[in-house]
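All of these numbers come straight from a predicted model, not from anything done at the bench. Within every chain, numbering begins at 1; the chains are lettered A, B, ... in the order of the sequence lines, protein sequences first and strands thereafter.
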2 protein chains.
Amino acid sequence: MSGKREAKKEALRQAIINAARQRIAESGLDELRARDIAKDADCAVGSLYTVFSDVDDVVLHVNSSTLTQLGSVMEAASKSADSPQEVLVALAVEYLKFATENRNIWSALFNHRLPEGAPAPEWHVAEHLVLMRWIAIPLAKLRPNLDEKALAVQSRILFAAVHGIVSLSLEGRFVAVRRRDIETQLIQFINDIIRGFDKE
Amino acid sequence: MSGKREAKKEALRQAIINAARQRIAESGLDELRARDIAKDADCAVGSLYTVFSDVDDVVLHVNSSTLTQLGSVMEAASKSADSPQEVLVALAVEYLKFATENRNIWSALFNHRLPEGAPAPEWHVAEHLVLMRWIAIPLAKLRPNLDEKALAVQSRILFAAVHGIVSLSLEGRFVAVRRRDIETQLIQFINDIIRGFDKE
DNA sequence: CCCAATTTTGAACAATGTTCATTTTTTTCT
DNA sequence: AGAAAAAAATGAACATTGTTCAAAATTGGG
């Protein structure tokens, strides 16, 4: 009856991930500390290392759950409209909304850097690719002449552009644009792009 | 004759900035260490703090010089073509080129985070805005009906989109696109946008 | 050449990620 | 149930860093 061990271990894993997510949500990735996570998860610092290889590994798992959340948001947005144009706009707007409402959690997704020369594990990269699919679907309808490969590239480019706008705007380091203007701009931007397709 | 003191201090400032830039260029911002900077600049760790308030301050000055470099690149790109369309494409392509050829220095510009609640100094924010001007000039010709304010916003949005594409592509965390495809995609992207303007 | 002011120094401190010998808990065996 | 073995949890100790500051070295003026 050693399933009890596994269960406890799994409970600890979740407690640690939740504690880390909570900390990140409240104070951002930069303020995340191994000792704080352990305290919140009611375990010793050392225990963290019996379940994860290091703090980066914990962050990776937090990010993984964020991607799942984002996936749901994208799916809902995809169902919120019929025309592919409207779907692309909805995806962008919902992405902006998610980023705004979950700023720290969202930015951890992109600001987290693994140490020099440690590539993100394959399973985590795959999680990102799933998001691209939600863009590819409406895009395929707008550009039926693109093959699978070109479609994948276009999806990434479109995502990157939207992400850039959301990112530089929200992080607001410089290049600040008033918050309530961003959505308007984003919608106009997507529409400009789509109109550009038509004329190609 | 106390100008000598000032001169020495200034020399130290420059030595430290150069050492830091060199380190960042070679190993990236994440590997930057106060002790390494001091060693390269031939001074004690403590001396660094007599000239800069902390390591972040040093990075800020490295980034400042990077922005000056980028400014020159943008200026040259602006003069490389006549039509505003071509200028916008040239700006994007040169931005991509600069980022590719100066990866670590460029990414320090955007990955450097000041500690919680310490906004970038006003002089540094201003340096960023100068870059936006190079985009606004050709954009104004394409969209003559935009007032100054709307033009500034559009410039930022366009920059953010291009930056997003360059950024997610180059950092290649996920969402990887083959390096040699990025330029092609970027050019097509800018053209799509501009075509979108026409149809508005 | 000497003294006071200034600058430079690097050892010491604090914060933090990570390890590992020791203690505690759980499982297995009789 | 109780003891021995296995596994897991613990937190003190270590290594690495940014930063400080008392002491030493340097400098400029008289």
Name the orientation class of the two ring planes belonging to B:F110 and B:H128 (parallel below 30°, tilted from 30 to 60°, perpendicular beyond 60°).
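Ring orientation, 0 to 90° scale: perpendicular.
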Would you call the rings of B:Y95 and B:W106 parallel, tilted or perpendicular if under 30° counts as parallel and over 60° as perpendicular?
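Rings of B:Y95 and B:W106: perpendicular, over 60°.
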Is the side chain of B:S78 donor-acceptor paired with the backbone N or O of B:M74 at a distance under 3.5 Å, no angle test?
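Between the backbone of B:M74 and the side chain of B:S78 there is a qualifying donor-acceptor contact (under 3.5 Å).
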Looking at B:G46, is its backbone amide N or carbonyl O close enough to the side chain of B:T50 to form a donor-acceptor pair, meaning the two atoms are under 3.5 Å apart?
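No, because the side chain of B:T50 does not come within donor-acceptor range (under 3.5 Å) of the backbone of B:G46.
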Side chain of [X], heavy atoms from C-beta onward: which of [options] has the nearest atom to it?
X: B:R35; options: D:dG11, C:dA12, C:dG17; value: C:dA12
X: B:K8; options: C:dT9, C:dT8, D:dT10; value: C:dT8
X: B:S47; options: C:dT9, C:dG17, D:dG11; value: C:dT9
X: A:A44; options: D:dG11, D:dT19, C:dT18; value: D:dG11
X: A:L12; options: D:dA9, D:dG18, C:dG17; value: D:dA9
X: B:V55; options: C:dG10, D:dT19, D:dG11; value: D:dT19

Rounded interatomic separation in angstrom, taking [atom1] from [X] and [atom2] from [N]:
X: A:D54; N: C:dT19; atom1: CG; atom2: C1'; result: 13 Å
X: A:R13; N: D:dA9; atom1: CZ; atom2: P; result: 13 Å
X: A:I37; N: C:dA15; atom1: CD1; atom2: P; result: 18 Å
X: A:R23; N: C:dT16; atom1: CZ; atom2: P; result: 11 Å
X: B:L29; N: D:dT17; atom1: CG; atom2: C1'; result: 15 Å
X: A:Y49; N: C:dA21; atom1: OH; atom2: P; result: 17 Å
X: B:D30; N: D:dT17; atom1: CG; atom2: C1'; result: 14 Å
X: A:K9; N: D:dA9; atom1: NZ; atom2: C1'; result: 11 Å

Report the end-to-end axis angle of the helix from C:dC1-D:dG30 to C:dT30-D:dA1; each axis comes from five terminal pairs, and the value is rounded to 10°.
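The value is 10°.
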Short side-chain N/O contact to D:dA8 OP1/OP2 from A:T50, under 4.0 Å:
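No, A:T50 has no side-chain N/O under 4.0 Å of OP1/OP2 on D:dA8.
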Under 3.5 Å donor-acceptor pairs involving side-chain atoms of residues 24-32 of chain B, not counting sequence neighbours:
{"unit_1": "B:E26", "atom_1": "OE2", "unit_2": "B:Q22", "atom_2": "NE2", "d": "3.1"}

May I ask you to say whether B:K9 pairs ionically with B:E6, meaning some side-chain N is under 4.0 Å from a carboxylate O?
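Looking at B:K9 and B:E6, the cut-off is not met.
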Is a salt bridge present between B:E127 and B:R133, judged by a nitrogen-to-oxygen distance below 4.0 Å?
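Here B:E127 does not pair with B:R133 in a salt bridge, since their nearest N and O are not under 4.0 Å apart.
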Position toward the 5' end of DNA chain C (nearest nucleotide), A:S53 or A:R33
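Whichever sits nearer the 5' end wins; that is A:R33.
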